[in-house]
Amino acid sequence: KKASALLTRFPLIPVRGVPLMSHIAENFDSIWAFRPDPSDLLIATYPKAGTTWTQEIVDLLLHNGDADACKRAPTPVRSPFLEIYGPPPIPSGLDLLKTMDPPRFIKTHLPFQLVPPGFWENKCKTIYVARNARDNLVSYYFFDCMNMTQPEPGPWPEYVQKFMRGELSWGSWYDHVKGYWREKDNKNILYLFYEDMKENPRREVERIMRYLDVSVSDEVISKIVELTSFEKMKDNPMANYSCIPAPVFDHSKSSFMRKGKVGDWKNHFTPQQQKMFEDDYKEQMKDVDIPFRNLI
Ligand code: A3P
């Protein structure tokens with residue numbers, strides 16, 4: 001298909017109650033039927049929780065910190081995005097997977113219940129990264145401004161409401177973080193937090209290393225921490241999504257590597273929005289005890 005024909009802000013269509021961009025919803029049967037190899041790794045996140053960062057850490061760990069090897073291709077080519085379908089030059093996740101031999105590290109934003117069951121049947125390792133709701137929301141807002149395939153974000157106050165109601169692409173943040181949290185022990189999921197990665201990246205890189213069952217020297221770990229800093233990744237054309245140019249990603253509206261900070265939400269929420277969000281958050285999260293930090 002021609003790129004221009006696919007350049008559209010896709011409407012959302014619910015799949016088992018979860019709003020997904022129409023190209024994903026229409027293709028969902030083949031996504032659901034995907035059979036991974038037991039050696040494949042799944043990296044699952046709600047959008048904007050630190051996916052790209054984690055993909056880079058994983059690739060470097062699997063390549064013993066070899067920076068050049070990890071510049072062989074842009075992130076979405078090195079690590080297929082399971083459910084995405086174009087537009088070019090973004091390769092369709094399923095098509096790309098067909099061309100790659102396992103072990104692969106596969107990205108998904110699907111909530112737990114929509115992940116193809118083959119991942120669990122084959123006991124694939126899974127890394128989940130969660131980011132505090134407010135920063136995740138702010139990051140998603142700016143991403144929706146620049147990603148011309150996502151639904152129009154609309155005005156900020158309404159965007160906050162849509163987030164709280166779970167009406168954004170890939171659905172409710174609340175259900176997403178809870179879904180994986182509840183299954184993490186059952187399914188041996190490594191559940192990470194963006195804020196922990198910011199606080200002590202070395203500790204989290206080592207945690208990922210142990211989970212993957214690879215071993216790299218202390219020196220290589222230091223190198224990986226350095227190479228996956230926000231500044232280094234922002235300057236790395238194979239990690240900063242400059243591979244996806246306008247008109248698909250309009251980097252002039254907002255940069256993919258935008259700020260990379262904890263607590264940026266304070267620059268965007270009014271005191272009133274903060275209060276409303278917090279009250280609703282307590283209600284929506286009262287049935288779980290996930291140790292999110294930096295909420296206030
Ligand atoms: P901000 O918009 O807050 O800057 P994802 O990869 O899941 O789409 O998440 C993107 C978010 O992670 C963006 O957040 C981006 O800047 C941030 N990010 C990407 N690489 C990072 C890194 N190495 N360190 C810290 N944050 C990073």
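Side-chain atoms are counted along with the backbone in the values below, which use heavy atoms only and exclude waters and symmetry mates. Numbering of ligands and ligand atoms starts at 1, following listing order.
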*Asks:* Looking at ligand 1, would Asp264 count as a contact under a 4.0 Å heavy-atom criterion?
*Replies:*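 Per 4.0 Å heavy-atom rule, Asp264 does not contact ligand 1.
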*Asks:* Tell me whether the guanidinium CZ or amine NZ of Lys125 lies under 6.0 angstrom from the six-membered ring centre of Tyr211 and within 45° of its axis.
*Replies:*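 Judged by the rule (NZ or CZ under 6.0 Å from the ring centre, within 45° of its axis), Lys125 counts as positioned above Tyr211.
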*Asks:* Does Lys178 make a cation-pi contact with Trp181 (under 6.0 Å, within 45 degrees of the axis)?
*Replies:*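 No, cation not above the ring by the 6.0 Å, 45° rule.
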*Asks:* Between the side chains of Glu206 and Arg202, is the shortest nitrogen-to-carboxylate-oxygen separation below 4.0 Å, so that they form an ion pair?
*Replies:*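 Yes, Arg202 and Glu206 are salt-bridged.
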*Asks:* Does Tyr194 have a heavy atom less than 4.0 Å from any atom of ligand 1?
*Replies:*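 True for this residue.
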*Asks:* May I ask you to decide whether Arg293 forms a salt bridge with Asp196, counting only side-chain N to carboxylate O separations under 4.0 Å?
*Replies:*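 Looking at Arg293 and Asp196, the cut-off is met.
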*Asks:* So, Lys234 and Glu231, do they make that salt bridge, N to O below 4.0 Å?
*Replies:*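 Salt bridge between Lys234 and Glu231, a charged N being under 4.0 Å from a carboxylate O: no.
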*Asks:* Could you check atom 7 (O) of ligand 1 against the protein and tell me its nearest heavy-atom contact, residue, atom and distance included?
*Replies:*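 The closest heavy atom on the protein side is Thr51 OG1, 2.4 Å.
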*Asks:* Charged N to carboxylate O under 4.0 angstrom, Asp264 versus Arg134?
*Replies:*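 Result for this pair is no, no salt bridge flagged.
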*Asks:* What atoms in ligand 1 come closer than 4.0 Å to a heavy atom of Ala49?
*Replies:*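 Result: 7 (O), 9 (O).
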*Asks:* Counting from 1, what ligand 1 atoms have a heavy atom of Thr52 closer than 4.0 Å?
*Replies:*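 Going through ligand 1 atom by atom, the ones under 4.0 Å from Thr52 are 5 (P), 6 (O).
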*Asks:* Would Lys48 pass as a cation-pi partner of Tyr140, given that its NZ or CZ must be under 6.0 Å from the six-membered ring centre and within 45 degrees of the axis?
*Replies:*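 Because its charged atom misses either the 6.0 Å distance or the 45° angle limit, Lys48 does not stack over Tyr140.
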*Asks:* Could you name the option among Arg131, Met233, Lys259 that has the heavy atom nearest to atom 11 (C) of ligand 1?
*Replies:*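 The residue whose heavy atom sits nearest atom 11 (C) of ligand 1 is Arg131.
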*Asks:* Please identify which atoms of ligand 1 are closer than 4.0 Å to at least one heavy atom of Ser229.
*Replies:*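 It comes down to these atoms of ligand 1: 23 (N).
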*Asks:* Numbering the atoms of ligand 1 from 1, which are under 4.0 Å from a heavy atom of Met257?
*Replies:*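 This gives 16 (O), 19 (C), 20 (N) as the contact atoms.
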*Asks:* What I'd like to find out is whether the side chain of Phe193 reaches to under 4.5 Å of the side chain of Val129, using heavy atoms alone.
*Replies:*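 Not touching, per the 4.5 Å side-chain cut-off.
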*Asks:* Got the closest protein heavy atom to atom 1 (P) of ligand 1, with its distance?
*Replies:*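 For atom 1 (P) of ligand 1, the nearest protein heavy atom is Ser139 OG, 3.4 Å.
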*Asks:* Report the part of Thr228 in contact with ligand 1, treating N, CA, C, O as backbone and CB onward as side chain, heavy atoms under 4.0 Å; options are side chain, backbone, both, neither.
*Replies:*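 For Thr228, only backbone atoms sit under 4.0 Å from ligand 1.
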*Asks:* At a 4.0 Å cut-off, with the gap strictly under it, does some heavy atom of Lys261 reach an atom of ligand 1?
*Replies:*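 Checking ligand 1 against Lys261, which is what was asked, there is no heavy-atom contact under 4.0 Å.
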